[in-house]
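Here is the naming used below: chain letters follow the sequence lines, and residue numbers restart at 1 for every chain.
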Amino acid sequence: MKKLLTLIIMVFVCVFTFSLDVQATNTNAPYYTYTADSNGNLIKTTEAYTPSKQINKINDQSFELLQHIYVDDEDYIYITDSKAITYVEQIDPETGEPMINPNTGNVVEKRYVGKIIVLDKNYQFVGEIYHDDFSNFITSTFVTKDKIYVVDLTNESIFIFNKEEFIENQKIQLEQTITKPTHPIFQDQYNDEGERVVNGYDYRPEHIVVDSMGNIYVQGKKSKNGLIMLDDDGSFMTFFGGNPLRIPIIDRVRRFFLTEEQEDKLQRETDQKIIHDIPSNIAIDDKGYIYTVTSSIPTNPIKKFNTSGRNFFKKDMIGLSNMTSIWIGEYNNVFAINNQGLILEYDTNGNLLFLFGGMDATNSRAGLLNLPVSIAATSDDNLLVADQANKLIQVYTPTEFTNIIHEAFEAYYNDGDYEESREKWEYILQYNSLFDYAHIGLGNSYMRDNEYHDAYQEYYYANDYMGLSDAYWGIRQDWMRNNLNTVILIIVLLLITRVIYYFLNKKYQYSKSIGERINGIRRKNQLFDEMLYIFRFLKHPFDGFYEIKRENRVSMMTSTFIYLLLGIVIILNYRFTNVVFVPKVGINITYELFILGFILILWVVSNYLVCSINDGEGSIKNVYNATAYSLTPILIIMPFIIVMSHVLTLQEYVFYQFGYLLMSIWTVFLFFFMIKDIHNYSVRKTIGVILKSMFTMLILGLFLFVVFALGNQMIEVVKNIIGELINR
Amino acid sequence: MKMKIRQFYRNTHEKYQSSKLYKIFNHPMTFLFPYILLFFLIILLPTLISAVLSTTYFNTIQAPTFRSFKNFVDLFTFDTVFLQKGIPNTFKYAIIVGSFGYILSFLLAWLLAQVTPRIRTIYTLCIYSPSITGPVMMGVVWKVLFSGDQAGYINYTLLELGFIKEPIQFLQNPNLLFPIVIIIGLWGSAGLGFLAMLAGLLNIDRSLYEAAYIDGIKNRWQEIFYITIPSMKPQMLFGAVMAIVGAFNVSGVATALSGGQTPPQYAGWMIMDHALDFGFIRYEMGYASAVTVILFAIVIIFNRISYRLFGEND
């Protein structure tokens with residue numbers, strides 16, 4: 001939720017700041033670049049891509065309605081323009097001769113048609129693909145090694161052209177047309193009178209990908225079941241990778257109570273209301289993973305499916321709403337764009353690397369977009385974005401910084417060369433030492449080489465707790481490998497000494513004399529005595545309550561001392577617990593302590609107040625003392641937990657948790673019976689009193705807050721008046 | 001004549017009484033001997049052998065070779081399955097099943113103590129039986145209940161009610177398998193400890209309650225806390241010890257549920273599973289003994305804690 005909020009704020013910031021005024025501080029890009037730290041918060045970082053080139057005219061002809069952009073393996077660029085201007089010779093259908101248009105007086109007539117414009121890697125015109133069967137709504141292309149696929153939405157068909165013929169000779173040779181599958185699910189069904197009974201499944205192909213087997217994955221514009229998978233002949237195989245339906249809880253509950261008929265009726269009514277999350281774009285990487293992006297889901301819009309339809313990206317990956325297009329880069333990194341002009345780059349595991357760009361609705365400023373519809377990247381990582389509203393293609397060039405990151409990816413993921421990737425990450429950190437991603441990358445490569453201490457350091461910088469825990473595991477293993485033999489020996493020796501001590505003690509009575517000495521100190525020093533009383537109290541809490549209440553066993557001084565010790569223990573917890581368990585970021589100790597102390601005072605006061613009007617027997621002194629003593633389990637267990645946390649990793653989280661659980665249960669138990677016994681209540685009344693005390697605390701807290709706020713105002717007013725008086 | 005015989009008898013008897021044989025036969029140790037012998041043979045000796053074997057390499061065919069503490073070092077440094085799965089799983093299981101199972105046993109015993117004897121017998125049998133039939137029942141009842149296809153009872157019900165769209169793989173999903181193991185553990189936790197507590201409950205003198213009511217006890221809760229529990233401390237201690245030993249010694253549940261030699265991703269893999277795996281599949285008896293010695297130490301520590309809590313002397 002926090003992540004989402006930051007993102008929303010970010011989007012607003014991007015949109016508004018940049019459309020009004022651009023503070024280009026360090027570079028020429030009219031936007032800031034952000035990256036995500038390991039907690040998922042966005043932080044500003046070094047510029048990743050700079051806007052370089054704008055293509056708005058090819059052969060003096062501007063783009064009319066850009067739909068899609070695609071770059072193939074050889075860096076040919078395929079731009080889909082579904083409303084390109086063509087001049088068509090008019091043929092008289094009767095005579096077969098050219099016909100003159102009576103309105104314009106020309107033989108050729110201007111017409112809008114769908115067309116694919118092909119550029120080479122230097123953005124030079126190669127040719128254009130047009131076929132008579134094209135409707136005026138060509139939506140996208142997909143290019144394999146030897147085939148060019150063109151998707152026609154209106155005709156619901158996919159045209160396949162020979163690629164080699166086209167690139168070499170600019171000849172457009174149609175090899176195959178795949179029309180709407182003949183499978184019954186796509187066909188309308190009619191009854192005997194010719195009325196339509198069942199609507200066929202909406203096909204309407206918009207984007208496609210083709211895997212290495214020639215199977216076609218079609219993303220339909222209204223396809224509620226997800227992607228439509230066809231084999232290479234175009235016959236329907238299955239649906240694939242749909243988004244789960246979001247049925248409101250109320251409907252599910254309602255369904256439980258309704259009969260089948262009612263349910264059917266309700267279904268028909270609500271069917272129109274349900275919003276289906278239909279994928280808006282699709283991509284494939286060289287390993288055959290299928291990626292989809294869904295514009296209506298803001299939390300995890302991008303999904304990476306294997307062939308069995310399992311999503312490999314995290315559920316809480318950082319994303320934006322209205323993401324429209326996706327592209328898989330050279331290193332299986334994922335580029336995506338949302339329709340507000342924000343461009344995102346993820347690594348191959350779905351971690352956000354960069355977020356940049358912005359919208360500029362008023363005027364086209366190089367690098368800001370108006371209505372981007374499609375994104376693609378060349379093999380040297382230049383990003384091409386098709387902007388439908390500005391009718392241009394914006395090129396972004398990676399900076400040196402980004403290039404090195406990509407090289408590090410290449411070295412780490414593709415080549416498995418950890419040494420090289422480490423050099424790259426180190427180089428990146430010289431540029432930008434706050435780049436968490438590089439620290440994690442460096443840590444990973446250290447881990448590969450079993451250099452746990454260095455890895456620990458790097459993960460520490462990046463606040464990556466999982467990594468920290470793993471590195472710590474390694475450090476501990478190393479230590480144990482070297483020292484465990486000695487440790488076991490020491491333990492065995494200690495056990496033996498204990499046995500020897502047991503016999504010697506029987507003979508010479510050491511423990512008795514020690515006990516007497518301690519008793520001597522206890523008699524002289526009240527504080528010492530009452531601190532040791534904690535142990536008796538914890539062993540016999542009910543006797544303890546009685547003694548505190550009736551015999552004034554402990555003094556207020558000791559209780560205050562206990563509260564102080566508790567404060568110290570809490571500080572120790574924040575300061576010295578293993579970072580893996582208690583993050584060190586974003587905690588203000590003084591503030592926390594102040595709040596805890598405030599709550600404590602509030603508790604003592606409100607509990608006393610509530611109990612004194614509810615026949616409670618305890619005085620405020622009793623409440624104060626007994627509260628202190630019933631919090632002592634924290635004092636006993638917490639130091640153990642803090643020490644223990646340093647030999648544990650997240651793998652053994654259960655032990656840490658157990659310590660905490662034990663402490664909490666013990667404290668709550670003591671607290672409950674403290675109230676019961678001090679005030680001599682029944683169990684039911686105790687619960688009631690606790691609830692009432694909490695309510696009183698709330699009211700008191702609110703009251704104090706109001707008084708504080710008003711008091712501030714008051715002081716301001718008095719100050720102002722005095723100021724006025726002095727000045728006049 | 002009579003006197004003579006008596007005299008003879010007295011003489012021989014006196015002689016016998018002063019002889020060594022008499023001392024041996026009448027020494028307390030003689031009466032203890034059968035027990036000591038059995039205890040030594042059945043309990044002490046295997047434990048000692050296990051402790052000795054834990055410092056050796058032993059494959060059951062060749063003679064054991066001494067390796068000092070190498071087994072323990074390996075256990076704590078190289079054996080990631082033991083450290084990352086075995087120990088945390090066992091502790092999690094023991095803490096949850098041990099404590100909740102113990103409380104459950106007591107509550108069930110207390111409830112049963114309130115009903116009439118004949119029905120009580122039937123109920124006792126019902127409640128006690130899961131803990132004896134354990135492993136066999138697992139295959140029948142729980143597998144049918146949690147089966148991963150749509151014929152599994154839970155999957156079928158959820159599918160019918162429309163809460164899920166496809167059956168959940170209860171027994172193959174590592175995140176679900178462990179909770180199921182715990183549920184089964186709780187189900188079978190009313191064992192010997194439960195019987196002992198029931199016996200203890202039934203043995204409490206009724207007059208104590210009457211006296212307590214005269215002294216001002218108001219309700220059943222106070223009855224439990226002030227009379228029942230203090231009066232059955234030995235049974236409570238026995239129950240605690242049984243619960244701890246039982247919870248730490250559990251093995252094979254996850255494997256029985258998921259099928260195969262090891263459960264998916266070692267979910268629900270216990271220390272005892274690890275020992276059995278090394279002992280009777282890989283025949284590394286030395287290493288397996290080291291694992292059991294660790295388990296022994298853990299159980300002893302927890303037993304001492306329970307003695308402190310429930311023991312007679314303060």
>> Test of understanding: with ring-ring contact (aromatic ring centres under 6.0 Å, His included), list the residues that count as partners of A:F673, not counting sequence neighbours.
In response: A:F542, A:F669

Should we say atom [atom1] of [X] is surrounded by more than 12 heavy atoms from elsewhere, each under 6.0 Å from it?
X	atom1	answer
B:F296	CZ	no
B:Y153	OH	no
A:Y502	OH	no
A:H646	NE2	yes
A:E617	CD	yes
A:F640	CZ	no
A:Y501	OH	yes
A:F672	CZ	yes

> Tell me, side chain or backbone of A:W479 under 4.5 Å from chain B's heavy atoms, or both, or neither?
Replying inline: neither

> By a 4.5 Å heavy-atom criterion (distance strictly below it), what part of A:V492 contacts chain B: side chain, backbone, both, or neither?
Replying inline: side chain

As an exercise, state the distance from [atom1] of [X] to [atom2] of [Y], rounded to the nearest 0.5 Å.
X	Y	atom1	atom2	result
B:S68	A:L489	OG	CG	9.0 Å
B:L83	A:R476	CG	CZ	7.0 Å
A:I488	B:K70	CD1	NZ	11.0 Å
B:F72	A:L484	CZ	CG	10.0 Å

> Any side-chain heavy-atom pair from A:V683 and B:W221 closer than 4.5 angstrom?
Replying inline: no

>> For B:F78, does the six-membered ring have the charged nitrogen or CZ of A:R481 within the cation-pi criterion, i.e. under 6.0 angstrom from the centroid and within 45° of the normal?
In response: yes

> Going through the checks in order, is the side-chain contact (heavy atoms from CB on, under 4.5 Å) test met by B:T80 and A:W473?
Replying inline: CA-CA 10 Å; B:T80 44; A:W473 171 273; 3.7 Å; yes

> For chain A, which residues from residues 89-96 of chain B have at least one heavy atom closer than 4.5 Å to it?
Replying inline: B:F91, B:K92, B:I95

